[in-house]
Participant: 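Let me give you the structure first, and then I'll get to my questions.
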Amino acid sequence: YHRTYTDTREMGDDKKPVTTALVTMWDPTIFGNIVEGEIFNLTKDDKDNRPCTIIITDNTIIINAHFGWIEEKKNIEPFQEKINDKLNEMLGDTEEMIATLKEIDHIIFVGDTNDANGLINSENPLVLDGDNFEFKLHNDLTQEDTKEKLRTCCWHAPGHKYYQENKSP
């Protein structure tokens with residue numbers, strides 16, 4: 001099963017419409033059938049489009065996010081807060097959503113955190129919390145192992161005009 005979410009917004013100085021799409025795929029026999037889904041921008045800046053989707057199935061929460069660059073731990077907070085707010089809004093505190101939350105077996109977080117410094121790790125997880133939930137998400141790797149073993153999709157080869165040594169693969 002797959003779900004494609006699109007969001008069109010006016011962006012940049014010229015306010016041209018820009019469409020963002022995120023595709024998320026899962027096996028419904030394992031990860032359930034969709035209950036609710038949303039796409040939203042992780043930034044307030046209309047010049048930067050950082051899409052995030054949250055899909056809630058009958059047994060899984062799937063988050064697909066494209067963070068901006070994380071240079072310091074404090075850079076994680078705005079993305080974490082935006083996801084917290086949206087997830088809390090989606091899960092809410094209605095009896096129906098609390099019942100759905102009790103059935104959650106899996107939480108899948110995918111995407112690109114642009115975390116070249118490995119700041120999200122087993123010692124410093126991404127914490128998603130709301131009225132009725134708290135999830136501490138990490139990759140089971142230390143900061144050093146995260147930097148060594150994981151990569152960002154937004155790196156550029158040495159010599160490329162956007163190459164930065166601290167954002168190498």
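These values consider heavy atoms only, across backbone and side chains, with no hydrogens, waters or symmetry-generated copies.
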Participant: Looking at CG of Asn121 and CG of Asp140, how far apart are the two atoms once the value is rounded to the nearest 0.5 Å?
Facilitator: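 Here the rounded value is 10.5 Å.
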Participant: Below 4.5 Å, heavy atoms only, C-beta onward: do Leu141 and Ser122 meet side chain to side chain?
Facilitator: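 The answer is no; the side chains never approach within 4.5 Å.
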Participant: Heavy atoms, side chains only, cut-off 4.5 Å: are Leu128 and Leu137 in contact?
Facilitator: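 Yes, close enough: below the 4.5 Å cut-off.
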Participant: Take Glu123 and Thr142, measure what side-chain contact (heavy atoms from CB on, under 4.5 Å) needs, and give me the verdict at the end.
Facilitator: CA-CA 7 Å; Glu123 291 129 8; Thr142 65; 3.5 Å; yes
Participant: Hey, are Glu77 and Lys74 close enough for a salt bridge, meaning a charged N less than 4.0 Å from a carboxylate O?
Facilitator: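 Not counted as a salt bridge, because no side-chain N and carboxylate O are separated by less than 4.0 Å.
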Participant: Is any side-chain heavy atom of Leu42 less than 4.5 Å from a side-chain heavy atom of Ile83?
Facilitator: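 Counting from C-beta outward, Leu42 and Ile83 do come under 4.5 Å.
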Participant: Any chain of hydrophobic side-chain contacts (each under 4.5 Å) joining Val127 to Leu87?
Facilitator: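 Different hydrophobic clusters.
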Participant: Is the closest side-chain heavy-atom distance between Ile76 and Ile120 below 4.5 Å?
Facilitator: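 In short, these two side chains touch, coming nearer than 4.5 Å.
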Participant: What distance separates Ile56 CD1 from Ile63 CD1, expressed to the nearest 0.5 Å?
Facilitator: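 Interatomic distance, Ile56 CD1 to Ile63 CD1, rounded to 0.5 Å: 8.5 Å.
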Participant: Rounded to the nearest 0.5 Å, what separation is found between the CD atom of Glu89 and the CG atom of Asn84?
Facilitator: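 Between Glu89 CD and Asn84 CG, I get 12.5 Å after rounding to 0.5 Å.
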Participant: Do the side chains of Phe135 and Leu126 get nearer than 4.5 Å, heavy atoms only?
Facilitator: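 A side-chain contact is absent here, since even the closest heavy-atom pair is not under 4.5 Å.
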Participant: Taking atom types as modelled, is there a side-chain donor on Thr24 or Asn64 under 3.5 Å from an acceptor on the other?
Facilitator: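 Yes, side-chain donor-acceptor contact under 3.5 Å.
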Participant: As an exercise, state the distance from CD of Glu36 to CG of Asp58, rounded to the nearest 0.5 Å.
Facilitator: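 Interatomic distance, Glu36 CD to Asp58 CG, rounded to 0.5 Å: 13.0 Å.
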Participant: Any donor and acceptor pair, going by atom type alone, linking the side chain of Lys82 with main-chain N or O of Asn41 inside 3.5 Å?
Facilitator: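 Yes, Lys82 side chain to Asn41 backbone: donor-acceptor pair under 3.5 Å.
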Participant: Quick check: do Ile61 and Phe109 have side-chain heavy atoms less than 4.5 Å from each other?
Facilitator: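 Side chain of Ile61 against side chain of Phe109, heavy atoms only: no contact under 4.5 Å found.
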Participant: Exactly one of Asn114, Asn117, Leu119 should register a side-chain contact (heavy atoms from CB on, under 4.5 Å) with Ile70. Which one does?
Facilitator: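 Going through Asn114, Asn117, Leu119 one by one, the side-chain contact (heavy atoms from CB on, under 4.5 Å) with Ile70 is satisfied by Leu119 alone.
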Participant: Would you call the rings of Phe67 and Phe79 parallel, tilted or perpendicular if under 30° counts as parallel and over 60° as perpendicular?
Facilitator: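 Parallel.
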Participant: Mind checking whether Ile34 and Ile55 have side chains closer than 4.5 Å, heavy atoms only?
Facilitator: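 Sidechains of Ile55 and Ile34: in contact.
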Participant: Using salt bridge (Lys or Arg N to Asp or Glu O under 4.0 Å) as the criterion, list what pairs up with Glu134, not counting sequence neighbours.
Facilitator: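 For Glu134 there are no salt bridge (Lys or Arg N to Asp or Glu O under 4.0 Å) partners, ignoring immediate neighbours.
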Participant: Look up atom CD1 in Ile54 and atom CZ in Phe40, then write down how far apart they are to the nearest 0.5 Å.
Facilitator: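 It comes to 4.0 Å.
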Participant: Start with the C-alpha distance between Leu91 and Phe133, add both sets of side-chain angles, then the distance that settles side-chain contact (heavy atoms from CB on, under 4.5 Å), and finish with yes or no.
Facilitator: CA-CA 9 Å; Leu91 291 172; Phe133 62 90; 3.6 Å; yes
Participant: Could you tell me whether the side chain of Ile108 reaches within less than 4.5 Å of the side chain of Val110, counting heavy atoms only?
Facilitator: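 Yes, at least one pair of side-chain atoms sits under 4.5 Å.
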Participant: So which heavy atom on Pro51 is nearest to which on Asn49, and how close?
Facilitator: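 Closest pair (atom of Pro51, atom of Asn49, distance): CD-O, 3.4 Å.
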Participant: Passes side-chain contact (heavy atoms from CB on, under 4.5 Å), Asp131 versus Asn88? Steps please.
Facilitator: CA-CA 7 Å; Asp131 294 337; Asn88 197 48; 3.3 Å; yes
Participant: Between the side chain of Trp26 and the main-chain N/O of Gly32, is any donor-acceptor distance below 3.5 Å?
Facilitator: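 Between the backbone of Gly32 and the side chain of Trp26 there is a qualifying donor-acceptor contact (under 3.5 Å).
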Participant: What's the spacing between Phe31 CZ and Asn59 CG if we round to 0.5 Å?
Facilitator: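 Going from CZ on Phe31 over to CG on Asn59, the span is 8.0 Å.
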Participant: Distance-only, no hydrogens or angles: does the Asp112 side chain make a donor-acceptor pair with backbone N or O of His66 under 3.5 Å?
Facilitator: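 A pair under 3.5 Å: no.
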Participant: If you measure only the distance, is there a donor-acceptor pair under 3.5 Å linking the side chains of Asn139 and Thr146?
Facilitator: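 Yes, a side-chain donor-acceptor pair sits under 3.5 Å.
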